[in-house]
Each structure stands twice: as C-alpha cells, then as structure tokens.
A.B. asks: 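Dropping a structure here in structure tokens format, bear with me for questions.
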Amino acid sequence: MEYNFRRIEKEWQRVWKETGAYKVENNYTKPKAYVLDMFPYPSGAGLHVGHPLGYIASDIYSRFKRLKGFNVLHPMGYDAFGLPAEQYAIENGVHPAVSTEKNIENFRRQLDNIGFCYDWDREVRTSDPSYYKWTQWIFLQLFSSFFNRTNGQATPVTELVKAFEKEGNATHACPGNPSLVFDAAAWKAFSEKEKQDVLMEYRLAYCGEGEVNWCEALGTVLANDEVVNGVSERGGYPVVKKKLRQWYLRITEYADRLLEGLERIDFSDAMKEMQTNWIGRSYGAEIDFAVKSEKATVKNLRVYTTRPDTIFGVDFMVVAPELDWVPGLVSDEQAAAVEAYLDYVQRRSERERMAEKKISGVFTGAYAINPFDGREIPIWISEYVLAGYGTGAIMAVPCGDERDYKFAQHFGIPVTNIIGSHFNGSEANPTKEAVLENSGFLTGMRMRDAIGAAIDKLEAMGIGKRKVNYRMRDAAFSRQRYWGEPFPIQWKNGVAVPLPASELPLELPHVDSYQPGPEGEGPLANIPSWVAKELETNTMPGYAGSSWYFLRYMDPHNNEAFCSRAASDYWEQVDLYIGGTEHAVGHLLYSRMWTKALYDLGYIGHDEPYKKLVNQGMIQGSSRFVFRVNGTNLFVSKGLLDAGGNYDGKTVDKLHVDVNIVDGYELDTEAFRNWKPDFAAAEFLLEDGKYICGSEVEKMSKSKFNTVNPDDLVEKYGADTFRMYEMFLGPVEMSKPWDTKGIEGVHRFLKKFWRLYMDEEKGLQVVDAPATAEELKVLHRAIRKIEEDTERFSFNTAVSGFMICVNELSDLKCRKKPVLSDLLVLITPYAPHIAEELWHLLGNAGSVLDAVYPVFEEKYVRESAKAYPVAINGKTRAEITISLDAGQQEVEQIVLTDPGIAKWLEGKPPKKVIYVKNKMINVVV
RNA sequence: GCGGGCGUGGCGAAACUGGCAGACGCACCAGACUUAGGAUCUGGCGCCGCAAGGCAUGUAGGUUCGACUCCUAUCGCCCGCACCA
C-alpha cells in the first residue's frame, strides 16, 4: 500500500466534518487555550502560499494544546466590510454582499483544503446583521460613555450629567475643549441642545469638526494609520487635509493606559516600539511669552517645549501657518510677505511637504519677550511647525536643535550659545548633559537638572506649566461609504440621538447607486427613506467590526449580548494571537482600546485582549523573467546576455513569466508558448539545451505572476506535505521568498514516514511488541524535542526533529506498535491526515485528534559518557564528561575533555562535585 | 535622521542559559537496484591540502580556560517612524 494522500485527506476531512471533530464547547471545567488568527478580508484574489503561514502555525499550536488536554478555542471568520468590495461594486455593478459571499466561499474552500481545525460553527462575518448588531451596540456604549480622568476609566455619561448638575465641570475638565469651564448654575441654564453639545465634547465616540484626511478618489475620509506617505494605503490615491464634521473615537484619553498595558503583554519589542512611537508621549512644558506687536489682537504666545532648560537660548519663535490667530501677529510692513507665504503653503500638498523638506518661512513683524531677560525674540511663521501638535508654536533654540539651527542659518538669525564648548558653531547639539552658560539663574546647572528648575520657576511666575503631550490623534471613525456598519444614530434638530437597543441592528439598506451623496455624504444620503428618518448617512470604518471580533467567537450565537460574561470569563484573553505586522498601529490599538472600555464598563473581566502576539513573516514572491529581443519574438536565455543585459548589441525586454511554468530557473518552453497567445510563436535561444530565466525577490502579487496557489501544491503533494513544508521554510516570524523546490524533501519524508508503518506489497508492518531501550531512546528524544519546539513556536526545527527521528527508527528497523503509535500522536498537529489514517490502520480506538500526548521520560534519553557543562564555584566554566547510566543519580567518574579547563584545574583538586538535574555539574575548588 | 531587527556553506537554515559550528532539508557528485527513473536505497558534500593538519559564523578589536552567542567600533541588509519641538 502506498501513501495515497489524496484519498486519505479527502476521506478524513469528510469524517471529521461528519463527526464534528472540531466542535468546541464552552466547557467551564476544563483548562482553556484561546488561539486566534487575524481574520482575513475576503478579497477576490483568494489565498496565495503566504496567507496560510500563520494559520498553519496557529493550527499546529491549537492541535498540540488539544492533545495536551486543553479545551482549545480556535475560530475563524471574515472581516467582510470594506472598501475593495465597494470599489468592485462600482466598477462591475455587483452588490458588495454578493461579491463578498462569493469570495468567502472561495476562501473557505481553500482553507478546508489545508485541513485546519477551525470550529466553523463559530464563524463570524462582520457584515452579517446578527454580528454588526453588536458592533452598533458597543458603539452606543462608547457614545454613552466618557473617560473619567479621576479614576482613569470609561464611565457612563449619566454620571457626568449628575456631576455637572452638582458642581459644573470643575472636576471633569473637558477633553474636547480644554478652555470650556462652567458651574452648576451655568449647566442648568444651558438649553438641551447646548447640554448635548457639551456632552459631545466628552463622549468616547463623538461627532465633531476636525481636520481629517480626505481622499477624493475613494470619496471618503481615512484614519491616520490608513494614510501612508501622504497617499491612501489602499490604492495609493492622494490624500488632502480637510475640515469636516466627522465621528471620532476619543482614543487619546486611553493613551496612558495603552502604554501601560504594553508592559503586561507579550508582544515583540518592535511591535511595542511601534505602538509607543505612534502614541508618542512626551513630557514638557507650555510657556506663555508676552507679545510685542503693532496690533493688540494677540497678547500672548503659548509654546510647547520639552526643553524649558534652554529658554535662554531662544533666538526666535515659530508658529504654524494654518493657525487662525496668526494674522493677528502680523505687522503692516510684513503683511504682504506673510500673505504670499501663507498662499505658498496652502498650495503645497501634504505629499510635497513630506517629500521635499524645504526650509521656508516668513517673519511676522512681531516679537515675543523672554520673561527672564527681557530679550525681544522675533516671531516667524514656518511650515516645519505643525498646527496639530502641542500649541502649534515653538520656541526655537538653534544651538540645541538641528531644525532650528538650519532655519536660523537659512534666514541669517544670530545664534546664542548656551552650552559652551558643546556647541561647535556649525551643528546643533541636543545634549542634556552640558552645563549651561549665558543662562541667567540657570547658569552653571546641568541641563538635565535645569529642566525641572526652569519649569518650577515658570509655574511660580504663573506663565508656564508642566504638560504631557501625545502624538496620537483621536481616530476618525466615519466613512462616506456604503459597505460598512450604519451608525445607530438619528439626528434630531442637530442633536445625535442613539437608537434604542431594541431597534438594533439598524440594517444596511439596499442601494442602487454607490455614488457619494451631496456635500461629501455617503451613498446612504441618496436614499429618501433613510434621510426621512434623519439617520446618520456615514458608515463605520473597516476597523469597527475587527475591534471586538475575538469576543464574539466566545459566544457567537448569543442574541441577548455581544458575549455572555460567563463565556468571556472562561475564555478570557487570547492566549496566542498570530498575524502580520501591518496592523501594529491600527487594529491592534483600536481593539485594545475597545477591550479597555468594555472592561471599564463591566462587560468583560480583562482589559488587554491578547496575552501573546506572534507576527508571522511575509512570504515574498520569487519572480522569474524571460528576455525578449526588442521588437522580435526571440527569447534569449539569461546566460547569453552580455554584461549590460543586452543581446548581440540589441536591447532586450525583461518580462515577468508565470513562476508555475518554470522549474527552478529552467523555463518550460512548451508551456510558455501555450501561456499567452502573444507567445504562441515564440522562438528560443537556449544555453546547454535549456532556457534559463532571470529572477528577483518581490512582493507576491498576481500582476508579477509570482503567486503560488496552495490549491495546486495540495493537489500535487497533499495538505500534510504543504503544512509541514510551510513550517520547514524557516522561523514563522521571518520573512522569506517562496521556493517551491524544497517541498520535495518534505514530501519524501512523509513517504518515508508512511513506509515505517506500511510496505507497498505486504501492507501493515507494525508488530505489537515491547520496544527496545534503543528504540525508546529515539522516541523520547523526539518527544522532548517536538514538545519543546512546538511550545516555543520553533516549528521549523520541530519538523527537522521528525525527520531525524524517522531516519533513526528506519535505521533501527523499528516496527514496534508502542513506539509508532506515540509517534503518530506526536506528528498529529503537523500532519493530521496521515496520522489519523495510520492510527486506524494500527487498530487504535477513537481519533488520533483526541489521543493523549505521549509523556517524555528522561531515563530513556540519558546517555552514559555524555558531555555536560561544568561550573566552577557556581559560574559556568567548562565541559566535562561524566559516566552516568539510566536512572542513576550519582556521578561515577569525571573526565575533563577540554584541555583548556584541564590545564586551568591542574593542581586544584575539586573539593566537592554536585550533580544538578542532568544539566550542570558544579565543581567547588 | 531616529527606533527595532538581522549578517553562518551554492541555497533555506540549526546551534535554546557562552561549551564538538553548519543539525535537518534543497541543489550537486558518486554508487546500488532497475528496461527505465522525475521511484527507492547507500555514500560524499564549508574552504585550503594527497595527507597530517590548518583556516572559517560581514569586518576590526575586547572580555573569557572557551565566543555564532556577551561588550565596543565599523560596514552591509531588512522593517517601522519621519519636521512631534
């Protein structure tokens, strides 16, 4: 009997489906493990070999935990709302629901092919009304809550109203409008509309006027993380800043807790770093400078700085051009120049500003007065200062800040040196260690210490205060599109009124046209019945549904709650979350914030969603090229090209060729002629009878013809081979180009594995007899290795471990059932189909999916005369050989194998030798 | 520019707390079986050398009895952020 993987895999997948082998119960008595993949957006392109990498890793880990006795939640679903489906709808007239359904079907078929152990009864789709009912419900919780800064928690707005009635907003400073102050009487005097406007400035989900990223091509606003280098992440369309009324999440209120939470979760340093940078917390001070100007409109200039210690080195001030009070500074003499500059800035796109960092600016004609020495400091306008950060104004210290220095130089502003020899006159030095000079009362102090001293003095004078700033902005939460969750909000006389929970879900109505509505509204604005009900016409962004989906899997069919408290208390955090790094500052921050808010409001019992995150690397494509002599049909093999990439003095075109018709680097010329009609008459110039292609590592994409479809590999080698090969490629976290060639080795291994049990003619070869010590040694070594490697996600070395084990058992001609049965359990997470088939051929009861994981026993593995590390007086120093047999506790003999340590120990006879756990020898001299 | 990560055979990579560098696999070479081999099996495979032996983990130093591993400098690659005051 040969290894017929096609029959085996189909058959067992059918059986597992029929018996509900992957059904997971909320079994509150068993220990749990929650292993989660980032659910995919079901794109029309389907899966390529890069996508399943993380899914296979999580599947292996899930199956491993299951065999170890855990109740494992390992679900899958679809992030089904989003722009591409709508773009597709606009171009092809197919309703997004229809194309999404079709794409999901294809995804599901591809996933099933690989043999994952998902419990599909728990599948979620964010576009399903029974799902987004709860997305809308959670949105309303956020809408109905504010961030109570006194205890750092989300709190119902009703509590806020009570406080306002008692004492105004004295203890609850307004996050949306810091200058808003009112007492109880004033609150009571507000009209209902005014009260609602005030509350809106507090809500965690709020609607407000703000500068947003507007993408004309996509017809919608985008969140900051959806804009990359000034263009949209999807499609690469230009993005401009625009003032619009939008919904936001007040995520900035959670900045400190999002930072603090990072210390309690197991993310990679890089990932934590990215989130930390995105939040961008900085400690500094706001300082008010008196302004001397012709006009009296602006009397004060408030700047933000992290370096108040350098205040005596301030040579000019810079304000952002966009600020509306800036014209109030400008002198008549400078008016024309300023106007010209503001005009120039406005013409420059976000993109241009980023691409070419030109030094530009204009003097306002006004001066700020240094409060300590009375110096008059010119106030400039420049685009290098951002309106959205701090106060939009800075004090410039050219001797300590590179940008300030360059600006000073460009405009010929004299530079004051306050750090003596630390400033070399040609380059700013941002040190904090210098001793201050020319600095009034700070002179002689180390800068690091002077920071506090300066703020203390400013605070005492009432012209400055400590201030923590964040780079992170509130997240834009509305989209002017159709294919997303409708907001459960009605607008009545300009007041946002939440729909009652009983009316959820507010279902997405059918539209005939996906064109935007009037005045930048979404397509929903074109539906008369929708507008008549005064419903919000925007929809929620893609990240709404994905911010809480991990909770829905725990209790997916609950109609009374998004997830029962019993279910979330049982499944708790995601123990292992696997996905790409591309969600570092989007999804991973939003879902952390939603979890914290739900925790604050008492709906769940933990405030960090993911205990451990593993980022799988990207699998790149290895593209292949053919070389066509320009203007001909002649294709020249790579080795025949000259150094300049030409042939016979003629230029050649380098064309992508489908990697699936290339064997390694050798082109299948017949397949190439059949590939596209253009190439039917292709002529080839071969080298050594072969056509050799060029190659390059690029991102895997259809347009580069370098995608490899897992379906094809599963068809050719089987799911078990495919799964093991993806793991064998290298560490899960590492990015690497795909190379189909090596899959043969893993396939050979599985065939060899099969032959360990089965003979082609004679059939089953396993005998039920006790194993020899030698055989047990091999088995237990494998158990230890596979278990350790699986637990630490070193799946590539685990696969190697199987290969070594099978090679050794083959050499020993081991046919013993106890050994071979255990080996099947061991390999089940990696290659479940072949394991199940052999498990039954061996006559074992039940399914190998539920077998008991074999226990590693050290006594079989321990070897005599093994080299162990030795510690001299506690410190690891050398290696010795001891003679030690199975089960024995005492050291019989010590042989120093290392000549270096032998020499070093000469004349120092050991006083005592302590044997520690088979790992370490401690010699005391 | 700032931050994070990584440099090991022809290739993917192992070496987990410093202890026989290159496990395992691909490719390649030789052989066996075979009508055949894109099946299977055996052996070889870092570099120099007939060999004994020597040299090898980007480069240069350091710590150590001992360094792929720790420290310093430097070069190169990848990822993220990028006027955040």
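What's counted below: heavy atoms across the whole structure, side chains too, no hydrogens, waters or symmetry copies.
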A.B. asks: Assign each of A:Arg307 and A:Lys785 to its nearest nucleotide of RNA chain B by heavy atoms, then name whichever residue's nucleotide is nearer the 5' end.
C.D. replies: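 Final value for this comparison: A:Lys785.
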A.B. asks: If the sugar-phosphate is the primed atoms plus P, OP1 and OP2 and the base is the rest, what is the B/S/- string for nucleotides 21-26 of chain B, using protein heavy atoms under 4.0 Å?
C.D. replies: --BBSS
A.B. asks: Taking B:C70 as the reference, what is the distance to B:G80 when you measure between their C1' atoms (whole Å, please)?
C.D. replies: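 The same atom, C1', in both gives a distance of 27 Å.
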A.B. asks: Return whichever of A:Ala387 or A:Arg792 has its heavy-atom-nearest nucleotide of RNA chain B closer to the 5' end.
C.D. replies: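 So the residue in question is A:Arg792.
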A.B. asks: Where does RNA chain B form stems of at least three consecutive Watson-Crick or G-U wobble pairs, each pair having both distances below 3.5 Å?
C.D. replies: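 Stems (3+ consecutive pairs) listed as B:1-7 with B:75-81, B:10-12 with B:24-26, B:28-32 with B:40-44, B:46-48 with B:53-55, B:58-62 with B:70-74.
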A.B. asks: Quiz question: by atom type and distance under 3.5 Å, do the side chains of A:Thr797 and A:Ser800 form a donor-acceptor pair?
C.D. replies: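 No, because no side-chain N or O of A:Thr797 sits under 3.5 Å from a partner of the opposite role on A:Ser800.
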A.B. asks: If you look at every strand shown and take non-hydrogen atoms under 4.0 Å, does A:Val385 touch a base, only sugar-phosphate, or nothing?
C.D. replies: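 Base, at least one base heavy atom under 4.0 Å.
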A.B. asks: So does A:Arg755 get a side-chain nitrogen or oxygen closer than 4.0 Å to the phosphate oxygens (OP1/OP2) of B:C41?
C.D. replies: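 Indeed, a polar side-chain atom of A:Arg755 lies that close.
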A.B. asks: Could you tell me how far B:U59 sits from B:C75 if I compare only their P atoms? Round to whole Å.
C.D. replies: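 It comes out at 15 Å once rounded to the nearest Å.
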A.B. asks: Side chain of A:Ile394: nearest nucleotide among B:A85, B:G5, B:A15?
C.D. replies: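 The answer is B:A85.
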A.B. asks: Can A:Ser622 and A:Arg624 be counted as having a side-chain donor-acceptor contact under 3.5 angstrom?
C.D. replies: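 Result is yes, a qualifying pair exists.
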A.B. asks: Just checking, any donor-acceptor pair under 3.5 angstrom between side chains of A:Asn807 and A:Lys752?
C.D. replies: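 Present: a donor and an acceptor within the cut-off.
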A.B. asks: So, is B:G9 syn or anti if syn means the angle is within 90° of 0?
C.D. replies: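 Syn conformation here, the glycosidic angle of B:G9 being no more than 90° from 0.
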A.B. asks: Measure NZ/A:Lys272 against C1'/B:G5 and give the value in whole Å, please.
C.D. replies: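 That distance rounds to 16 Å.
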A.B. asks: Just call it for A:Pro737: base, sugar-phosphate, or nothing, with non-hydrogen atoms closer than 4.0 Å on any strand.
C.D. replies: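 No contact at all - A:Pro737 keeps every heavy atom at 4.0 Å or more from the nucleic acid.
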A.B. asks: Counting only heavy atoms from other residues, nucleotides and ligands, does the tally under 6.0 Å from NZ of A:Lys272 exceed 12?
C.D. replies: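 More than 12 within 6.0 Å, yes.
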A.B. asks: How far, in whole Å, is B:G4 from B:A14 if one measures between their P atoms?
C.D. replies: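 After rounding to an integer number of Å, I get 23 Å for this pair.
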A.B. asks: Between the side chains of A:Asp256 and A:Tyr470, is a donor N or O closer than 3.5 angstrom to an acceptor N or O?
C.D. replies: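 The criterion, which ignores hydrogens and geometry beyond distance, is satisfied for A:Tyr470 and A:Asp256.
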A.B. asks: Find the distance A:Glu273:CD to B:A82:P and express it as a whole number of Å.
C.D. replies: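 It works out to 14 Å between those atoms.
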A.B. asks: Between B:G12 atom P and A:Phe795 atom CZ, what is the distance in whole Å?
C.D. replies: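 Rounded to whole Å, this separation is 22 Å.
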A.B. asks: Distance check needed: B:G12 C1' versus A:Ile619 CD1, whole Å only.
C.D. replies: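 These atoms are roughly 12 Å apart.
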A.B. asks: Please find out if less than 6.0 Å separates the ring center of A:Tyr725 from that of A:His747.
C.D. replies: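 Judged by ring-centre distance (under 6.0 Å), A:Tyr725 and A:His747 do not meet the cut-off.
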A.B. asks: Distance between the C1' atoms of B:A13 and B:G7, in whole angstroms?
C.D. replies: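 Roughly 14 Å separates the two C1' atoms.
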A.B. asks: Work out how far the C1' atom of B:G18 is from that of B:C71, and round it to whole angstrom.
C.D. replies: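 Going atom to atom, C1' in each nucleotide, I get 13 Å.
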A.B. asks: Among A:Phe289, A:Tyr405, A:Phe407, find the one that has a ring-ring contact (aromatic ring centres under 6.0 Å, His included) with A:Phe316.
C.D. replies: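 So, applying the ring-ring contact (aromatic ring centres under 6.0 Å, His included) to A:Phe316 and each of A:Phe289, A:Tyr405, A:Phe407, only A:Phe407 qualifies.
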A.B. asks: What integer distance in Å separates A:Leu750:CG from B:A39:C1'?
C.D. replies: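 Taking atom C1' of B:A39 as the reference, CG of A:Leu750 is at 16 Å.
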A.B. asks: Under 3.5 Å, is there a donor on one side chain and an acceptor on the other for A:Arg755 and A:Gln765?
C.D. replies: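 A:Gln765 and A:Arg755 do not have a side-chain donor-acceptor pair below 3.5 Å.
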A.B. asks: Considering just the side-chain nitrogens and oxygens of A:Tyr389, establish if one lies under 4.0 Å of OP1 or OP2 belonging to B:A85.
C.D. replies: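 Yes.
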A.B. asks: Could you tell me how far B:G76 sits from B:C16 if I compare only their C1' atoms? Round to whole Å.
C.D. replies: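 Result for the C1' pair: 28 Å, nearest Å.
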A.B. asks: Once you apply a heavy-atom cut-off of 4.0 Å, does A:Thr581 come out as touching a base, just sugar-phosphate, or nothing?
C.D. replies: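 Nothing, no nucleic acid heavy atom in range.
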A.B. asks: In whole Å, measure the gap between the P atoms of B:G46 and B:U57 for me.
C.D. replies: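 Per the computed distance, 16 Å lies between those P atoms.
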A.B. asks: Between A:Gln620 and A:Ser735, is any side-chain donor less than 3.5 angstrom from a side-chain acceptor?
C.D. replies: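 Note: A:Gln620 and A:Ser735 side chains miss the donor-acceptor criterion.
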A.B. asks: Remember a base hit wins even if backbone is also touched, and classify A:Lys751 as base, sugar-phosphate or nothing at under 4.0 Å, heavy atoms.
C.D. replies: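 The residue A:Lys751 makes sugar-phosphate contact but no base contact.
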A.B. asks: How many whole angstroms separate atom CD of A:Glu788 from atom C1' of B:A15?
C.D. replies: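 Answer to the nearest Å: 14 Å.
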A.B. asks: If the P atom of B:C77 is compared with that of B:C28, how far apart are they to the nearest Å?
C.D. replies: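 Between the two P atoms, the distance is 32 Å.
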A.B. asks: Should we count NZ of A:Lys638 as having more than 12 external heavy atoms under 6.0 Å?
C.D. replies: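 No.
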A.B. asks: Assign A:Met734 to base, sugar-phosphate, or nothing according to its heavy-atom contacts below 4.0 angstrom with the strands shown.
C.D. replies: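 Touches sugar-phosphate only.
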A.B. asks: Can you measure A:Leu588 atom CG to B:G80 atom C1' for me and round it to whole angstrom units?
C.D. replies: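 Taking CG of A:Leu588 and C1' of B:G80, I get 14 Å after rounding.
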A.B. asks: Mind calculating the distance between CG (A:Asn615) and C1' (B:C78) to the nearest angstrom?
C.D. replies: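 Atom CG in A:Asn615 sits about 15 Å away from atom C1' in B:C78.
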A.B. asks: Between A:Tyr830 and A:Thr790, do the side chains contain an N or O donor and an N or O acceptor separated by less than 3.5 Å?
C.D. replies: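 Side chains of A:Tyr830 and A:Thr790: pair found under 3.5 Å.
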